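Have a look at the structure below before the remarks.
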Amino acid sequence: MTLEKMVQIGLLFDFYGQLLTEKQRQMVDLYYRQDLSLSEIAVQTGVSRQAVHDLIKRASETLTEYEAKLGLHSRYREQQERLGRALEHLDEAVETQGRPPIEEARKILAGLLDD
C-alpha cells in the first residue's frame, strides 16, 4: 500500500470513522494509525490474518464510498485552500496598505459563509 493511500484512508477515518462498526474502527486504527502489520493485529485481536485483511479492506472501501457520497473531506480541503488564499490577500493588504486585496479576501470569506 502506498503512503498516499494510507494518508488518504487516515484522513477519511477522521471524517467518517464513527460510521464504521466498532470492529472496523479498531482494525483501521491498528493498521493505519498504529502501523501494525496484519499478523500483529491478528494476534492482538484473536482473529485470523485473513479476517483482519478483509475487515480493513471492507472498512477502507466503506470510507471511500462515504466520501464519494458526502464529500466532507473534499469540501474541507477546498475551504482550507480558500481560507489560505484569503489570508494571503490580507497579508498582502497589510504589506501594501491597499484596498483591492482586502476586498478580494472579503469575497472569499463571504463565499465560505454562503457554503
Side-chain angles (χ1 to χ4, degrees):
M1 174 160 303
T2 67
L3 179 60
E4 182 179 320
K5 177 73 172 174
M6 291 184 80
V7 169
Q8 168 86 11
I9 296 299
L11 290 171
L12 294 179
F13 184 71
D14 289 341
F15 280 88
Y16 305 111
Q18 291 303 309
L19 300 174
L20 298 175
T21 67
E22 178 61 36
K23 196 71 161 173
Q24 288 175 325
R25 275 196 308 273
Q26 178 188 21
M27 298 298 173
V28 170
D29 179 60
L30 292 171
Y31 187 72
Y32 289 106
R33 292 189 166 183
Q34 297 183 32
D35 199 28
L36 297 180
S37 70
L38 297 177
S39 298
E40 290 170 324
I41 296 170
V43 169
Q44 185 172 335
T45 59
V47 298
S48 71
R49 184 184 181 285
Q50 185 62 46
V52 171
H53 176 269
D54 292 345
L55 274 165
I56 290 171
K57 182 178 179 187
R58 212 167 317 124
S60 299
E61 290 170 354
T62 299
L63 292 170
T64 302
E65 288 171 12
Y66 286 147
E67 177 60 17
K69 291 177 182 175
L70 301 173
L72 296 177
H73 178 254
S74 58
R75 190 174 334 160
Y76 172 79
R77 266 195 347 247
E78 181 184 324
Q79 287 180 342
Q80 291 298 303
E81 290 171 11
R82 291 167 73 184
L83 286 169
R85 286 197 327 263
L87 185 57
E88 289 171 5
H89 287 294
L90 290 172
D91 288 343
E92 183 181 332
V94 168
E95 290 177 18
T96 64
Q97 304 264 328
R99 194 81 180 129
I102 292 174
E103 290 173 8
E104 184 61 28
R106 188 189 177 295
K107 286 179 191 175
I108 292 170
L109 294 172
L112 286 172
L113 288 175
D114 290 340
D115 288 349

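Keep in mind that what you see is a predicted model, and the values were worked out from it rather than measured.
- With rounding to the nearest 0.5 angstrom, the CG atom of L30 is 10.0 Å from the CD atom of E40.
- Partner of Y16 under the side-chain hydrogen bond (donor to acceptor under 3.5 Å, both in side chains) criterion, chosen from H73, E65, E67: E67.
- Residues R25 and Q18 share a closest heavy-atom pair of NH1-O, 3.6 Å.
- The CG atom of L55 sits 10.5 Å away from the CG atom of L20 when rounded to the nearest 0.5 Å.
- Nearest heavy atoms, S48 versus A42: C-CB, 3.8 Å.
- Residues V28 and A59 share a closest heavy-atom pair of CG2-CB, 3.5 Å.
- With rounding to the nearest 0.5 Å, the separation of NZ in K5 from OG1 in T64 is 4.5 Å.
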| side chain to side chain contact (heavy atoms under 4.5 Å, CB included) assessment of I56 paired with L38 | CA-CA 9 Å; I56 290 171; L38 297 177; 3.7 Å; yes
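- The line from CG of L72 to CG of L11 is 13.0 Å long, rounded to the nearest 0.5 Å.
- Of all the heavy atoms in T45 and M27, the pair that sits closest is OG1-CE, 3.7 Å.
- Taking the ring centroids of Y32 and F13, they lie at or beyond the 6.0 Å cut-off.
- In terms of hydrophobic clustering, with Ile, Leu, Val, Met, Phe, Trp and Tyr side chains grouped at heavy-atom distances under 4.5 Å, F15 and L70 are assigned to a common cluster.
- Note that OH of Y31 is 7.5 Å distant from NE2 of H53, once rounded to the nearest 0.5 Å.
- For the atom pair CD of Q34 and CD1 of I41, the computed distance is 8.5 Å after rounding to the nearest 0.5 Å.
- Counted within 6.0 Å of CD on E4, heavy atoms from surrounding residues, nucleotides or ligands total 12 or fewer; the atom is thus considered open.
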| Could you walk me through whether R85 and E88 pass the salt bridge (Lys or Arg N to Asp or Glu O under 4.0 Å) check? | CA-CA 5 Å; R85 286 197 327 263; E88 289 171 5; over 6 Å; no
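- Following chains of ILVMFWY side-chain contacts shorter than 4.5 Å, one cannot reach V7 starting from L12, and the two form parts of different hydrophobic clusters.
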| task | Just do the salt bridge (Lys or Arg N to Asp or Glu O under 4.0 Å) check on R82 and E78 with the steps written out, would you? | result | CA-CA 6 Å; R82 291 167 73 184; E78 181 184 324; 3.4 Å; yes
